[in-house]
4 protein chains.
Amino acid sequence: MNPDARRSQILDMATRVFSESGYGGSDMQGIADALGIAKGTIYLYFNSKKELFLAATLRAIENLANTIKREVKTASGPLEKIRAIIGAHLRFSSENRDLAEIIARERGEFLAHAEETYYKVFSENTKYLEEILRYGITDGIFRDTDVEQTTAILANLLAGTIFTHTLRQGRNETGPSTDAITDFLLNSILYERNIL
Amino acid sequence: MNPDARRSQILDMATRVFSESGYGGSDMQGIADALGIAKGTIYLYFNSKKELFLAATLRAIENLANTIKREVKTASGPLEKIRAIIGAHLRFSSENRDLAEIIARERGEFLAHAEETYYKVFSENTKYLEEILRYGITDGIFRDTDVEQTTAILANLLAGTIFTHTLRQGRNETGPSTDAITDFLLNSILYERNIL
Amino acid sequence: MNPDARRSQILDMATRVFSESGYGGSDMQGIADALGIAKGTIYLYFNSKKELFLAATLRAIENLANTIKREVKTASGPLEKIRAIIGAHLRFSSENRDLAEIIARERGEFLAHAEETYYKVFSENTKYLEEILRYGITDGIFRDTDVEQTTAILANLLAGTIFTHTLRQGRNETGPSTDAITDFLLNSILYERNIL
Amino acid sequence: MNPDARRSQILDMATRVFSESGYGGSDMQGIADALGIAKGTIYLYFNSKKELFLAATLRAIENLANTIKREVKTASGPLEKIRAIIGAHLRFSSENRDLAEIIARERGEFLAHAEETYYKVFSENTKYLEEILRYGITDGIFRDTDVEQTTAILANLLAGTIFTHTLRQGRNETGPSTDAITDFLLNSILYERNIL
DNA sequence: AATGAATGAGAATTCATTCAT
DNA sequence: AATGAATGAATTCTCATTCAT
């Protein structure tokens, strides 16, 4: 089997298993069994359980970061770009539950490493949001708010959305929609709400 | 030693140790050592490591819930009550890092149990917020928004604030202030922003 | 059970098992089984298999060094002291096969560590022998040989005696006797052989 | 590549690696890597790790035995033949460290097999030495000692020389020289020392 | 109530060996 | 002949939990 494909296949299964059972609740044999391969094979591609977990997390986080980047690039105009960032998070949480969940699991298991992971996404987010906000303020469509605080608020809101997504699902609840969040945000920051 | 005091002492240390090292990264011997007692003694008060961890988490969560309840009761008027809820979360994160951190750790380790924990706080939050919002809408000071969505948004924002608090600290960053979040929220939901 | 006694008991069995099967050929479970205790118990006293092995070796080497020291002290006169050193090695090999064997095993398994072990005994030997030889030369009973070379020769002879002891036993052969070695040595170094 | 050459090349590298790291400390992958060949290739020439190790040891032993035989044959007269045997061991230890070291390693790892190995060399030694001694005694140049004991003593001395060679090197020490050992021996066994 | 020695199930990891290509 | 990916048995080590004192 092609090494890249095998590596990717292991990562897929590891993501699924770790997402379902957490790091401590999963074992290497279980991942191997689920793939129908030998335990030793996993170690040909990853040096340890921790490395496998973190590789799976990293891939998830990069996937999220790419999703955001792609959608922001596609969107035109500050309002649409903001909606794109919010939408990217919600869609990512819904469509890639394993990926979203493993990101949240990392937070509890490897705090120090999670810092880096977290900043991979959120520093990107921050960059985009600050640009958009500054542009909008200069342009006169946004109120002259403290850009950094506003950005941090939205970052927390989006992080909270991902961290609570699975929790809500366990209760058959749905969180706020992209539209609701976007409206909420714009109502707060727009200079003239009535352009909505 | 008074049994309740000993139990409480063990919970305190467990909270500290689990907060620092996570569930998988902590061991019973370490907690006993830190207390200067024998490992077996812990088992006189808690049946298992998991039970100890969840008891510590539960206490943390109740502490947060009580903090919120107390401050909301003290505050007068919808605006002040909203500010109190937000402030309670931020102050709790700052002043009780261990407690905030163990709540975040539980999310990654015991997902199913975390659902309950989470709802202990957030259903309370939700109840208060929905009341406040409905009251404010009826009263005409808030726009006529979808109350459930708005509540869910704020819940996510506050959860994100707790979950990212330690992460930010690792980077020597501070998150948004109570004032910033409150202003942000009110600007969005107030019927007339200029009353601020 | 008394911790020192237990530690000692584990060391005894480890010495026996490692002597019989070598380091690679032994496993911790086997040692535990032979003692009728749990594997984990061994780890309460020794942190790793290697540490257990080296502790057993160290004890063996100290035992040999003490045997030599005791017998040299007891013997009176240079000729008797020399005989005592030689006799101590031969008796040690015969009466403490496990101990002699584990010393030889260490040589093959942990070369770097064996250096230290080896010098624990042989620097002691060297010290005694050089003293005795110098004394005898000054006194006129020994020829004026190169003391360091002669000492090194006897050290090699005694090391060879220990290292080959088990090998010879496997062939039902006996090595040279204390008397033979002593006579051999004295015939070489005495100024006048006929005092023998 | 010529099969014999490849086999030989593998044995060379195996000897080096096993000499440096011991049997347990070496792995087949490491040997293959050092040769720049695939691990599986080694198994085309040797059926197992143990077989490879023992083949390397056997070759080393035969090399030593041949060295001795060659030098004994070349030397003329009992005194020179004795010097040749001693010199062969010392030169072998110095010039073929890997070979000498793997012989010592085998002693600790495969005791039963080492018996055979050991006797390959030492029975040869014994044969030569006993012949020489008996000849010298009959001839009147050697004292009438117990030939077997004297032979065993020299065998132990030479074995000890090989087993301690690497140990001494780790301490930057040199063992006794060929001349010193030969003089020592002859002073002991010669009927008239003054012919030296 | 407290202790801490002992337990042993459990998991990670290694690596000699195989075999399809 | 050579390869190197795959295997899985074997082993070390950990640590939650128990229990005799």
Side-chain angles (χ1 to χ4, degrees), chain A residues 1-3 6-7 10 23-33 35-52, chain B residues 1-3 6-7 23-33 35-53, chain C residues 1-3 5-7 10 24-33 35-52, chain D residues 1-3 6-7 23-33 35-53:
Chain A
M1 189 172 197
N2 173 308
R6 165 100 341 155
R7 195 187 141 89
I10 293 171
Y23 183 77
S26 306
D27 67 70
M28 296 299 266
Q29 188 64 64
I31 295 168
D33 288 350
L35 282 167
I37 65 174
K39 207 171 16 168
T41 303
I42 299 178
Y43 284 91
L44 295 176
Y45 296 86
F46 302 93
N47 291 316
S48 66
K49 184 185 178 185
K50 182 174 177 180
E51 188 179 310
L52 174 59
Chain B
M1 191 170 197
N2 174 308
R6 167 116 314 174
R7 191 186 144 89
Y23 182 78
S26 305
D27 62 65
M28 297 298 269
Q29 187 64 62
I31 294 168
D33 288 350
L35 282 168
I37 65 173
K39 204 169 23 165
T41 304
I42 298 178
Y43 283 89
L44 297 175
Y45 297 85
F46 301 93
N47 291 314
S48 68
K49 183 185 181 185
K50 183 173 176 180
E51 187 180 311
L52 174 59
F53 178 80
Chain C
M1 189 172 198
N2 174 306
R6 165 104 332 159
R7 194 187 142 89
I10 292 171
S26 306
D27 67 72
M28 298 298 267
Q29 186 64 65
I31 294 169
D33 288 350
L35 283 167
I37 65 174
K39 208 174 13 169
T41 304
I42 299 179
Y43 284 92
L44 295 177
Y45 295 87
F46 302 93
N47 292 316
S48 67
K49 183 184 179 186
K50 183 174 177 179
E51 187 180 309
L52 175 59
Chain D
M1 192 174 198
N2 173 307
R6 166 118 312 175
R7 191 186 144 89
Y23 183 78
S26 305
D27 63 64
M28 299 296 270
Q29 187 63 64
I31 295 168
D33 288 350
L35 283 167
I37 66 174
K39 204 169 21 167
T41 304
I42 298 178
Y43 283 89
L44 296 176
Y45 296 87
F46 301 94
N47 292 314
S48 68
K49 184 185 180 186
K50 183 173 177 180
E51 187 180 309
L52 174 60
F53 179 80

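Sequence lines set the chain letters: A, B, ... in the order given, protein chains first and strands last, and positions in each chain run from 1. A quick note: this is a predicted structure, and the numbers were derived from the prediction, not measured.
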4.5 Å side-chain heavy-atom contact, B/K39 and B/I31: no
Side chains of C/N2 and C/R7 in contact at under 4.5 Å (non-hydrogen atoms): no
Spacing of B/E51 atom CD relative to F/dT18 atom P, expressed in whole Å: 11 Å
Spacing between B/Q29 atom CD and F/dC15 atom P, to the nearest angstrom: 11 Å
Length of the CZ-P vector between B/F46 and F/dC15, whole Å: 21 Å
C/I37 side chain reached by C/R6 side chain, heavy atoms, under 4.5 Å: yes
Under 4.0 Å protein heavy-atom contacts per nucleotide of nucleotides 1-7 of chain F, with B for base, S for backbone only and - for none: SBBBSBB
Nucleotide F/dT17, atom P - distance to NZ of B/K50 in whole Å: 11 Å
Inter- and intrachain pairs under side chain to side chain donor-acceptor pair (under 3.5 Å), touching residues 40-49 of chain C, at least two apart: C/N47-C/E51
Identified stems (criterion: three or more consecutive Watson-Crick or G-U pairs, under 3.5 Å), DNA chain F: E:2-21 with F:2-21
Between P of E/dA16 and CZ of D/F53, the distance in whole Å: 13 Å
Minimum-distance pair of heavy atoms, taken over all atoms of A/A38 and A/A32: C-CB, 3.9 Å
Rounded distance (Å) that lies between atom P of E/dA9 and atom OH of C/Y43: 16 Å
Interatomic distance, A/L52 CG vs E/dA11 P [rounded to whole Å]: 16 Å
Residue D/K49, side-chain heavy atoms: nucleotide from F/dT12, E/dA12, E/dA16 that is nearest: E/dA16
Position toward the 5' end of DNA chain E (nearest nucleotide), D/S26 or A/M28: A/M28
A/N2 CG - E/dA20 P separation (whole Å): 20 Å
